[in-house]
Every structure is written in structure tokens, then in C-alpha cells.
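First up is the structure itself, then whatever we jot down about it.
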Amino acid sequence: MSEPKINENRRGLIKDITSLANPDIKAAKALTLKKNRVAEKRFLAEGAKLAIDALDAGWDVETLFVARNMMDEPHVSKLAMRAVNAGALLLKVPEKAIANITRRDNPQAVVSIIKERLSALDTLGPLAASDTIIALDRVRDPGNLGTIIRTADAAGIKGVVLVGDCVDVFSLETVRATMGSLFAVPIVKATPEALFAFAKTNNAQIIGTHLAGAKDYRALGYKTKSTIILMGNEQSGLPDALAAQCHELALIPQMGKADSLNLAVASALMIYEARRHLLAVA
Ligand code: SAM
């Protein structure tokens, strides 16, 4: 990436930017491309809510771009001061700059640059019988991934494991779809081998989901052992080699003409069934 990197010694400062050609705006815009996110280990999050969620969860909000015309809004100015106190560089920019960075017609008042954070598989252990993990084999759709992370958070899942070549969890679309849950649930990248080894070490059952699954997902036991739910790819499903290593293969019954359920919907059904005995309305 040729644009200037975020300069550590500008942290906690407040600056006014007037030109859309400003290098900070260019550097932020570059983060819409995966290769730049990977190189920089930083990503963009749109909107005040995501910046607040990130700060609440102790993530490093490095730069906060705020549309100058929104600075007087109480929730925006409060966030801006909080971010600066937490060490963010605050850049007041023309309204157009936010649209320019995120390529959105109706941009939010705020966009932030946040340092990425992934967890190691081992940190999800040791697992208790009440723990559930969801593992996704080669998930391709950012909306699906974000929705699954959000559902995992809502149901108290221990972590989301991305197996194989998955869509980038730090893309604008995925981050947007998580609605802030990205900051609440550990996200892990792992090979299938590492996932199965982790399950063995932790005495966890791996329940694969498969259209040729032999058992109704509601008939399986989820109470006495920790569970890793393994979901297949949107197009090709769970490969035979992975399905063969699962302790159980679960089927969600269908009766209409649809070939299968959407991955995020199937994941939600599995997560809520696995955790049904733990979830209660207070
Ligand atoms: N054509 C793919 C196939 O043959 O598996 C369909 C994949 S489906 C869109 C994506 C994933 O959602 C599946 O791999 C599985 O994990 C899950 N899934 C969808 N419908 C399901 C069902 N009725 N029972 C169990 N899992 C299901």
C-alpha cells in the first residue's frame, strides 16, 4: 500500500481535513480492498454504533473520521471525545469524505479504522459441557458470515471458527452485518485438521450439518458434552472428507421444494437448538 500508514505519534490528536485528496482519506479508502486490510491488519467500521461497541469491548479504534456537519450532534461529539481519550486520531472531514471512503450513497456520520484481532484456537479451550462453538467451512458470503457472528453472540457461543478459505471477516459488508457482535465473539481461523485435533483434546462432539444427514437435528444430545457445530459451504456443502470425521451428521427437515436452507438460517437453527436448554427469558 503506497499511502501513508497511520502514524502512532498522532494518536489522541484532533485534526481538520478539508480536501478529499488528503492522504488519510486515501489510506482509509484503501482499506476497502482486502489486500490492503491484510497488509495493514486494520479494517473499516461504519457508524457510531460500531465505534462505540469496539471501544466498549476494548478494541483499538485507531482513527475516527467524523463528518464535520455532524460534530455538534451530542452522540457524535461524545463518541469523538471518548475515542480521542482512548488514543484515537480524530479527523473532522467534509461530509463527502465518508461517502468517498465507504463508497456509500447515504453514508453514516462516522467511520473508524480499527486494528484487527483474531483469536488462537487454543484460547477457546478448555471447553465445558455447556460450551458451543460454530465452525464454518469455506463460507463465501459476507452477509452470511456477519449474520452468523451476530447470532453466535446472541446465543452465547464460545467462538466462531473459520475453516479453510473463508470470506474476509473484516470486509465492510461482514463487519456491517455483525452489527457489533464482531467485537464480542472470538473469531478463529483454523485448518480442518487443527479443528478436529482441538475437538479431541477437549472431548467435544463435532456435529456436521449435511443434506444427507441421518439424524433430525432436534434428536441429538447437546447437554452432556461440549458441541462444535460444523456448517458447509453455500454452494458445495460439507465435503465428504470432513463429514466422515464428524461424530454426528444432522439434518434439518424440509418439506417444500427448496433444495436447502440458507447457510445463516441453518446455522441459527442449529445454534439455538444446541443451546435451547441454556437460553431462557428472564
Ligand atoms: N448444495 C449444497 C449441498 O448440497 O450441501 C447446499 C449447501 S447449503 C446452502 C449450506 C449449508 O447450510 C450446508 O452445507 C449445511 O451446513 C447447511 N444446511 C442448509 N440446509 C440444511 C438442512 N436442511 N439440513 C442441514 N444442514 C443444512
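Hydrogens, waters and symmetry mates play no part in the numbers below; they use all other heavy atoms, side chains included. Remember, it's 1-based here, ligands and their atoms both numbered in the order they're listed.
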Margin query: Can a side-chain donor-acceptor contact be found between Thr174 and Ser171 if the only test is distance below 3.5 angstrom?
Written below: yes
Check: Does a donor on one side chain and an acceptor on the other come within less than 3.5 Å for Arg150 and Thr178?
Finding: no
Notebook entry, point to check: How are the rings of Trp59 and Phe183 set relative to one another: parallel (under 30°), tilted (30 to 60°) or perpendicular (over 60°)?
Noted result: perpendicular
Notebook entry, point to check: Applying a heavy-atom distance cut-off of 4.0 Å, which protein residues contact ligand 1?
Noted result: Thr209, His210, Leu211, Met231, Gly232, Asn233, Glu234, Gln235, Gly237, Leu238, Ala250, Leu251, Ile252, Gln254, Ser260, Leu261, Leu263, Ala266
Checklist line | Greater than 12 external heavy atoms within 6.0 Å of Glu95's CD | finding: no
Note to self: Any carboxylate oxygen within less than 4.0 angstrom of a Lys/Arg side-chain nitrogen, looking at Glu46 and Arg104?
What the structure shows: yes
Next item on the list: Check the pair Arg68 / Asp16 against salt bridge (charged side-chain N to carboxylate O under 4.0 Å, His left out), numbers first and verdict last.
Entry: CA-CA 9 Å; Arg68 196 174 292 106; Asp16 261 299; 2.9 Å; yes
